[in-house]
Amino acid sequence: MKGNFPVEKFQTLRTPFYYYDTDLLRQTLDAIRREVNKHEAYHVHYAVKANANPKLLRIIREAGLGADCVSGGEIEACVKAGFPGSKIVYAGVGKSDWEINLGLDRDIFCFNVESIPELEVINQLAQAKGKVARVAFRLNPNVGAHTHANITTGLAENKFGIAMRDMVPVMEHARRLSNVQVVGLHFHIGSQILDMGDFEALCNRINELQAELERHRMTVEHINVGGGLGIDYEHPNRVPVPDFKAYFDTYSKKLRLRPGQTLHFELGRAVVAQCGSLVTRTLYIKEGAVKKFAIVDAGFTDLIRPALYQAYHKIENITSDLPMVAYDVVGPICESTDVFAKQTDLNTTRRGDLLAIRSAGAYGEIMASQYNCRQLPVGYTSDEL
Ligand SMILES: *Cc1c(COP(=O)(O)O)cnc(C)c1O
């Protein structure tokens with residue numbers, strides 16, 4: 001089974017390019033809304049770093065999601081796309097002064113703070129503006145995620161967050177500062193997580209931490225559990241929408257919220273990954289000594305996940321119905337890691353055929369570079385084609 005693509009229209013476009021199926025994006029957002037509407041206290045912020053294409057940001061904003069930013073540039077992109085400051089959260093280990101000032105000027109919902117020195121700078125900058133910054137502490141819960149080592153973030157060895165044992169001292173420290181108000185606790189354990197047990201472990205940890213806060217007569221208005229829900233890269237056609245029910249049910253069963261507390265989520269990949277494909281044209285078929293190579297005009301400059309994380313993406317030849325043959329699908333960049341797939345089965349492929357590299361909506365276009373003086377890929381939506 002292959003995906004549905006407007007191949008005729010594709011023939012008129014310069015390759016490579018990203019193609020976003022906005023019907024699927026809207027279906028995915030509907031599925032999220034259906035689950036979230038069951039819980040009054042739940043709020044979802046889209047993690048903008050997965051894909052900041054302005055056309056997608058608008059659709060996501062229209063669906064009512066807030067935004068989770070990790071840079072001043074992302075805050076600017078969100079403001080442009082119409083997100084109100086009150087729905088923007090801002091995380092990151094290294095926030096520059098101009099980025100903090102931008103967040104203060106936009107009266108964002110919350111700064112997710114990752115160290116005491118950062119807290120002090122936010123306090124100073126807020127004071128200079130006569131404002132009180134709303135902050136949450138990002139705690140490192142030392143919970144592993146069964147995912148690629150490069151995308152686990154919640155282990156004690158990772159650079160992210162504040163150690164759990166420092167939670168109470170840090171809260172006490174913040175109390176003495178006049179221009180910050182602690183409103184939440186923030187966590188994020190990693191990405192492409194498919195084992196609900198990992199999120200369950202996070203819930204158990206948060207329950208312990210909240211009990212400890214209570215012993216010190218402290219509470220927070222909200223808990224933010226980050227993102228990380230994975231998608232099915234093997235079966236983009238069979239499983240186009242992630243299992244949001246299992247995800248939100250895990251939190252509703254395992255996490256004990258205090259009365260009046262809200263629960264915030266920061267989903268990135270699960271929102272946008274399946275709606276995007278990288279479309280590339282086959283330049284040459286090379287018969288190597290031991291295998292066939294399909295050399296295409298997209299490279300890791302357009303989609304770096306396979307080179308960076310050994311990530312798997314399903315590839316389909318969307319212009320051939322000939323018998324299946326195994327190819328290494330490789331790009332033109334002068335690096336041996338510029339390989340999209342090894343020995344993957346495609347319909348017999350010839351020069352000029354279009355290939356769709358599937359599930360590329362997250363951490364695809366946004367991570368593109370101009371290495372080798374290449375042009376950045378354009379992103380088209382199904383709405384506009
Ligand atoms: C990257 C990131 C997310 C989103 O992760 P996904 O795996 O794309 O859902 C959420 N929160 C924070 C703090 C992040 O760094």
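Remember, it's 1-based here, ligands and their atoms both numbered in the order they're listed.
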| message | Going by side-chain hydrogen bond (donor to acceptor under 3.5 Å, both in side chains), name the pairs with one or both residues in residues 164-177, residues two or more places apart or in two chains. | response | E120-H173
| Test: R350 and D353 ion pair at under 4.0 Å | no
| said: Using a 6.0 Å cut-off, check whether atom NZ of K342 has over 12 heavy atoms from anything other than its own residue. | reply: no
| So which residues, sorted by chain and number, lie with a heavy atom under 4.0 Å of ligand 1? | A47, K49, D68, R138, H186, H188, S191, G227, G228, E266, L267, G268, R269, Y363
| message | Going by side-chain contact (heavy atoms from CB on, under 4.5 Å), name the residues that satisfy it together with I366, two or more places apart in sequence or in a different chain. | response | A52
| Would you call E266 and N112 a side-chain contact if the rule is heavy atoms closer than 4.5 Å? | yes
| message | List the residues meeting side-chain contact (heavy atoms from CB on, under 4.5 Å) with S71, not counting sequence neighbours, and say none if there are none. | response | E74, E99
